[in-house]
There are 2 protein chains.
Amino acid sequence: MVLPSWRKSAARDAIHHFIESVTDPTSSGYVEPGDRIAVFDNDGTLWAEQPIYPQTLYSIDRLRKRGDLDPALLQEQPFAGARDGDFDAISRTGIPGHLRLFAEATAGMGYGELAADVREWFATATNPDSGALLSSLVYQPMCELLDLLRQHEFTCWMITGSSGEFLRICGPDLYGIPPERIVGSEISLTVEHGDRVPKVVRGRELSLINDGPEKIASIIRHIGQRPIAAFGNSDGDLPMLEWVTAGDRSRLGVLIHHTDVDREWSYDRHSDIGRLHRGLALQPDHPVLRLDMARDWDRIFTS
Amino acid sequence: MVLPSWRKSAARDAIHHFIESVTDPTSSGYVEPGDRIAVFDNDGTLWAEQPIYPQTLYSIDRLRKRGDLDPALLQEQPFAGARDGDFDAISRTGIPGHLRLFAEATAGMGYGELAADVREWFATATNPDSGALLSSLVYQPMCELLDLLRQHEFTCWMITGSSGEFLRICGPDLYGIPPERIVGSEISLTVEHGDRVPKVVRGRELSLINDGPEKIASIIRHIGQRPIAAFGNSDGDLPMLEWVTAGDRSRLGVLIHHTDVDREWSYDRHSDIGRLHRGLALQPDHPVLRLDMARDWDRIFTS
């Protein structure tokens with residue numbers, strides 16, 4: 001069992017021990033393959049989220065390209081920030097603000113249009129800080145972990161605060177997680193009855209903000225059972241991690257702490273993106289494990 | 001390719017032709033296995049829904065057993081009907097009424113409690129008209145169809161107007177559809193922060209009524225792509241069938257007409273359960289096919 005990009009650490013040991021335990025039929029912690037479900041946050045857990053979420057880079061780009069934003073909206077945040085490229089102003093509006101930008105940027109698109117547009121955009125989109133392709137800022141250690149879990153008959157899901165539709169376009173190729181196992185925030189969809197054929201049109205309402213406790217409700221609605229492993233990086237993931245690790249059999253919960261200012265970014269309690277505050281104060285006996293990116297990972301990105 | 005319980009009919013021919021076409025790499029209608037997605041309504045499409053939905057039989061049973069219903073609620077429908085066993089009165093309140101009964105019957109239950117309770121109930125629950133076990137009133141021809149599609153690398157989903165949580169308990173064993181591919185109506189879930197561990201508690205609000213155009217939005221949110229085959233039996237399924245068959249490649253849409261008063265039930269435009277009115281008036285060139293249960297099926301139930 002190998003995780004080549006993981007240094008010897010408490011987190012790696014816990015992962016190996018957990019997998020051994022749930023897959024060994026003679027172990028008291030054995031779990032049937034059908035119940036081996038693992039859930040992953042995405043932004044900051046599977047790919048980089050600094051200086052701002054990829055979904056928001058897309059939204060800014062498309063809003064500028066369209067150029068038809070209601071002038072009244074431009075008086076307020078996050079829209080003024082999108083016009084000015086002021087990431088901090090946008091991020092102060094929190095996940096709902098990021099989703100409002102996305103909703104506005106994609107409102108009125110028909111079925112299929114969004115997928116084609118995001119796919120085209122994502123093929124060349126780059127990180128504003130490093131200039132690297134967004135598709136290369138995926139965490140190599142997490143890809144190895146996904147592979148290792150799947151080798152041991154785990155089913156892996158993404159539970160993201162970004163739009164589920166957005167991630168279902170970018171995610172499957174990056175992580176090998178199929179679209180139907182990607183669950184995110186939701187923007188309203190309206191179905192109009194066109195000429196005998198219903199027409200799906202994207203609205204502007206945030207119908208589900210998939211963050212905090214809402215991630216637990218989403219898991220129940222989409223998966224229908226409690227996962228045995230969960231991975232996240234922010235306070236918004238913590239309820240999900242606590243719920244998963246509170247189950248009555250083998251459990252694993254890992255919280256990634258972004259500590260690597262040289263190879264990635266270093267941020268926690270003062271960041272409006274991926275804030276980690278409560279998660280830094282977990283008691284030592286807390287079942288959720290904290291991973292230190294600078295210390296525990298030998299390599300950060302896939303390329 | 002065989003469907004032993006299907007008589008030679010336009011529907012059977014269409015199914016065979018469709019499967020041949022999408023699986024033959026030399027055919028212009030060829031579809032990659034990953035895109036072979038089929039969606040099925042459940043009540044009246046996979047199992048019998050008369051004289052009332054199984055979900056509602058469960059709700060009535062549990063409401064009576066609990067006996068603690070707010071007396072004010074008992075002044076109104078569907079609650080008075082549940083107390084009196086007046087199925088017609090309940091069904092006149094439509095799918096939202098059926099869901100309100102279910103929400104009330106299960107409100108306050110914790111995570112896991114509902115599953116255990118429904119499982120116990122379903123093991124012995126019977127149909128009020130025939131006395132047969134509900135679990136035996138599953139359509140044999142549809143089980144054969146599910147198998148045939150899976151043999152040809154289709155992924156099959158259930159898109160039901162009943163509670164998704166309810167069907168995720170009863171459905172997997174009956175149909176071989178895994179829980180995460182069962183999508184239904186949703187009752188609100190509240191997550192309370194208990195003693196370090198979040199606690200999921202069932203609420204009373206109908207947060208999603210998965211009927212009519214809403215089924216299309218659910219497909220987009222859960223599957224993330226347009227299916228190529230859809231099966232239903234009521235006007236509430238028609239938008240989904242029309243949307244699926246409006247796609248730009250091989251498509252199949254089948255509407256089951258309940259015509260068999262001897263072996264099952266005969267109902268359509270005047271029924272408050274599974275009403276089929278608009279679906280009876282489809283033009284002959286309409287891409288959705290109608291199946292006549294009495295004429296087209298040699299055998300109705302699995303046992």
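Labels below follow one simple rule: chain letters A, B, ... track the order of the sequence lines, proteins then strands, and each chain is numbered from 1. The structure presented is a predicted model; accordingly, all values stated were derived computationally and were not measured.
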Side chain / backbone / both / neither for A:Ile220 at chain B, heavy atoms under 4.5 Å: both
Using modelled atom types and a 3.5 Å cut-off, is there a donor and acceptor pairing between side-chain atoms of B:Arg221 and backbone atoms of A:Gly164? no
Per-residue contact mode, A:Arg202 against chain B (heavy atom under 4.5 angstrom): neither
Quick one: pull up CD in A:Glu242 and NZ in B:Lys199 and give me the separation to the nearest 0.5 Å. 15.5 Å
If I measure from the heavy atoms of chain A, does B:Gln225 come under 4.5 Å with its side chain, its backbone, both, or neither? both
Chain A interface, residue from B:Val200, B:Leu208, B:Val183 that has the most non-hydrogen pairs under 4.5 Å: B:Val200
Where does the angle between the aromatic ring planes of A:Tyr111 and B:Trp243 fall among parallel (under 30°), tilted (30 to 60°) and perpendicular (over 60°)? perpendicular
Looking at B:Thr155, B:Thr245, B:Ile216, which one has more heavy-atom pairs under 4.5 Å with chain A than the rest? B:Ile216
Under 4.5 Å from a heavy atom of chain A, the part of B:Ile223 involved: backbone
Top residue by heavy-atom pair count (under 4.5 Å) with chain B, among A:Arg181, A:His222, A:Glu180, A:His286? A:His222
Could you pull out the closest heavy-atom pair between A:Pro239 and B:Pro198, with the gap in Å? O-CG, 3.4 Å
About how many Å separate CG of A:Leu189 and CD of B:Glu214, when rounded to the nearest 0.5 Å? 8.5 Å
